[in-house]
Structures are given as C-alpha cells and as structure tokens.
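Here's the structure we're looking at; comments come further down.
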2 protein chains.
Amino acid sequence: MTTPTQSPRSDTRARIIDVALELFAEHGYEKTSLREIADRLGVTKAALYYHFKTKDDIVRGIVEKMAAPLDDAIAFGEGKEWSPELRDELLRRFAAGMGERAPLLRFFHENQPALRESAAGLAFKDRMIKMITLLHGPEPTFRDRLRATVALTSVHSAMFLLKADPCMEPGARPAAGSPTLDEAMEAALEVALEVAARIEPSAH
Amino acid sequence: MTTPTQSPRSDTRARIIDVALELFAEHGYEKTSLREIADRLGVTKAALYYHFKTKDDIVRGIVEKMAAPLDDAIAFGEGKEWSPELRDELLRRFAAGMGERAPLLRFFHENQPALRESAAGLAFKDRMIKMITLLHGPEPTFRDRLRATVALTSVHSAMFLLKADPCMEPGARPAAGSPTLDEAMEAALEVALEVAARIEPSAH
DNA sequence: GTCTATAGTTTGATAGAC
DNA sequence: GTCTATCAAACTATAGAC
C-alpha cells in the first residue's frame, strides 16, 4: 500500500490535465491560454510551469492519462489473427473507451493543425492509424482502409450531431428529440459496425 | 459585357484568398499569420487590410468563393421530394464539388475551434447541416442523421488517409500503393453511398 | 508548491505618405 | 493599391522571493 503521508497523488497536476482538456476541447488549443487554465484552477500561470515544462507538455500529460483505453484496445488486437469477430470486438472496445472520453476525441479531431507539430499529438495519431490497421487486417485495399477510418470517425460524428443545433428549421420537428450521450454512442457503434462489415481483406 | 478598362477582376484579392486557404488548410487558421500570407504574395500586411477588413473577413471571402458547389447541390435538392435517388445524386454532387476543393473541406474540419466564433465559419456549418437534412429527408431518426453525417465526412476521411503515412510498418506492404486523388474520391463516394443506403425515413 | 514580476516575442490592426 | 512605421494587446516562458 502507498504511504499515508503521501499527498493524494499530486492532485493539482491531475486537475490541470482535466481542466486543460476541457478547455482545449471547447475553445481549441490555440485559443486557450495558460492564464485561462490557471484562473479556472485558482492558481497562477507560474504554478502551471512547475508541473509542466511547456504548454505542449500538458498535451502530453493529457494523452498519457486519457489514451489508456485506446492502448488497451490496441494491445487486445495486436498479435491476434484477423477475423470479423476481432474487428467488431475492436470497434466495441473503441466506442466504449472513447465514448467515456469524448473530449479527448473532440480535441484530437478539431485541433489537427496544433497537434500536427506536437510530439504528443503525433503519438496519438499513430495510435489511431494503428487502430485502423488492426481493423482492416492484412493486405487491405484503399476502400478497406477507408471503411476502417470512417468507422472510427463515426463516434466523433455522433458527438458533432449532438452539439449541432437540434432544431434547425421552424417547420421541422427536432428529429426524435435530443438523444442522450449513451444513445448517441450506441448509434455510433451500430453505424461503425455497418461500415466495417464490408471489410473483406481476403478479397483483394 | 463588362468594361474593357476594368482590371482582371481584382487579381490580388483572388490571390489572397487562394494563398490564405492554402496556408489555413496546411498550418491551421491560428498558426497562419497575416505576415506569412503577405510574404508569400510578395506584399505587406497593410496591403491585405486594403482588401479585407479583418483576418476573419478573409475566411468570409474564402467561403463565398469556394462554397459555390455546395450551394449548387443544396439548391438542387431543396424543394424536391425526398427519394433514394435524390439522396444518391446529392452525394455524387457533393463528392464531385468538394473533391475539387479539398483544402476547403480540410480547413473546415480541422479548424472548428477557430471557425466556431466566426460568422463565415458558422455560415458554412449551416450549409453542411442543411446538406445533412436534405440527405436524410423528413422525420429522421438519430441514426439516419448520423448516417447522413458520416457519409459526408467520408470525403474528408479519404483525404486524411491520403495524407497519412502510407508505409506504416516495415513488414506491411503499402496497401495497394498510394492511390491518386481521383481514386480516393471514387472510393469515398462509394463508401458514402453505402452508408447512406440504409437511410429509410419512412421506417421511423 | 505557489506566488509576483517581467522578459521577450509575436500578433492583428491602424495612420498616413506615395 | 501598396508602402513604411507603429500601436496596443496578448501570449509563452523564466527568475527569484516566500
């Protein structure tokens, strides 16, 4: 067991990561200043620099803390022989893991320009590409790789729809009401499974 | 006919739009400074401000000039009664129009945080949502709206794949070589049609 | 571990000459 | 229509006291 005298696992560092991801996802990486993060936490900018060397280092912290479900899914799929069942199980694990970490996925998709020059951002992108590779299996066609990619992005698209204005026209009914996050994720997984179902690596 | 003495339709303004979109798509809106745009054009920042009132006004210029194919597709679909044939024709027009304007789509998808506070950005988003609505027709379920959204994003996903490193592992073959832009767009349309095919607005 | 204070840079935008 | 010169503001990051 851990020492009782030890503080609750560097609480501030964890809080910085949480607040930063929240702001990065909502307002974007570039538009979120360290001052905003510090203010929301009730500390000063300098305090942030005690825990993280640079702004980009916070991104590193975010990815390291939040990408665990993605790594788990990759570890589960890696080494196994490809099969339709494996493919579907990977999608289920991805949807379950990322659905609970919606801000991370949003941050990744909507801040590509900032993440493109970030080591941590590229590391996350590599994980996504690895996930795509596991999904389509060996000797894929371009269409197979595209289907795998589209399947993964359907989770993000579902979130986009949730955020988008539900009532768009005065005449149109608000499309079966606003679904909950869980319902949206369920729909995302269903569509993802549909798209991925036509992946057939042996038919090259 | 237009006056012969008139200059070639304000060449500089058009060049600013082209260069700005190119840089915005490649390096992102926030990371692209007006100095960079001016330098590449061989002018100064002040010259930019003669043609555009603010940086965001350049975005407005981009959308107004480049979103024409999208408006055409919307105009084509609006007022018509929904049918599977209309749905597919809309997807074909969208893919054809946006495939030729790949940077615009990339700019839109990868710079949401910046565009979220931009009037021009919101106008483009409205067009996309309108396109989604035309695709799924009346009384959609959330799944239908999601399928319509995913179908539209497949064009962007195809471009993501094209940019992503083709050779990912030492052992893996580079997935049927690097396809051309046209081949990628053809694949994107095929996947989009697949995804949209299960939209059935009457089965609510 | 957190603070004050500030260095040092870059940015978007403006004024006015030509 | 393009230039030079400049502004105020905002940012990341650092130094050093407590």
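Each chain gets a letter, A, B and so on, in the order the sequences are listed, and its residues count up from 1. Bear in mind that the values here come from a model prediction, so they are computed numbers and not experimental data.
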Completion exercise
What residues 51-58 of chain B contributes to the DNA chain C interface at heavy-atom separation below 4.0 Å is B/T54, B/K55
Problem - A/A114 to A/Y29 - nearest heavy-atom pair and separation - result: CB-CD2, 3.5 Å
Fill in the blank from the handout: Note: contacts of residues 27-39 of chain B with DNA chain D (heavy atom, under 4.0 Å) are none
Practice task
Rounded to the nearest angstrom, tell me the gap between atom OH in A/Y50 and atom P in C/dT2.
Solution key: 8 Å
Practice task
Would you mind reading off the distance between A/R15 atom CZ and C/dT2 atom C1', rounded to a whole angstrom?
Solution key: 13 Å
Problem - Residues A/R35 and A/D39 bridged, charged N to O under 4.0 Å - result: yes
Problem - A/T12 side-chain N/O to C/dT2 phosphate OP1/OP2 under 4.0 Å - result: yes
Practice task
Output all residues satisfying salt bridge (Lys or Arg N to Asp or Glu O under 4.0 Å) with A/K31, sequence neighbours left out; order by chain, then residue number.
Solution key: B/E117
Exercise for the section: Run the salt-bridge test on B/D144 and B/R147 with the 4.0 Å N-O cut-off and return the result as yes or no. Expected result: yes
Pairs under 3.5 Å (N/O, protein and nucleotides 3-6 of chain D):
| unit_1 | atom_1 | unit_2 | atom_2 | d |
| --- | --- | --- | --- | --- |
| D/dC3 | OP2 | B/T44 | N | 2.7 |
| D/dC3 | OP2 | B/T44 | OG1 | 3.1 |

Exercise for the section: With sequence neighbours left out, write down each residue that passes side chain to side chain contact (heavy atoms under 4.5 Å, CB included) with B/Y50, or none if nothing qualifies. Expected result: none
Exercise for the section: Just jot down the salt bridge (Lys or Arg N to Asp or Glu O under 4.0 Å) partners of B/E186, sequence neighbours excluded, or say none. Expected result: A/R143
Problem - Nearest atoms (heavy-atom pairs only) where A/G137 meets A/W82 - result: CA-CD1, 3.3 Å
Handout entry: B/R87 side chain vs B/A196 backbone, donor-acceptor pair below 3.5 Å
Key = yes
Problem - Euclidean distance, A/E194 CD relative to A/L91 CG, rounded to 0.5 Å - result: 12.0 Å
Handout entry: Separation of D/dT2 P from B/Y49 OH (nearest whole Å)
Key = 16 Å
Handout entry: Check ion pair B/E89-B/R93 (N to O, under 4.0 angstrom)
Key = yes
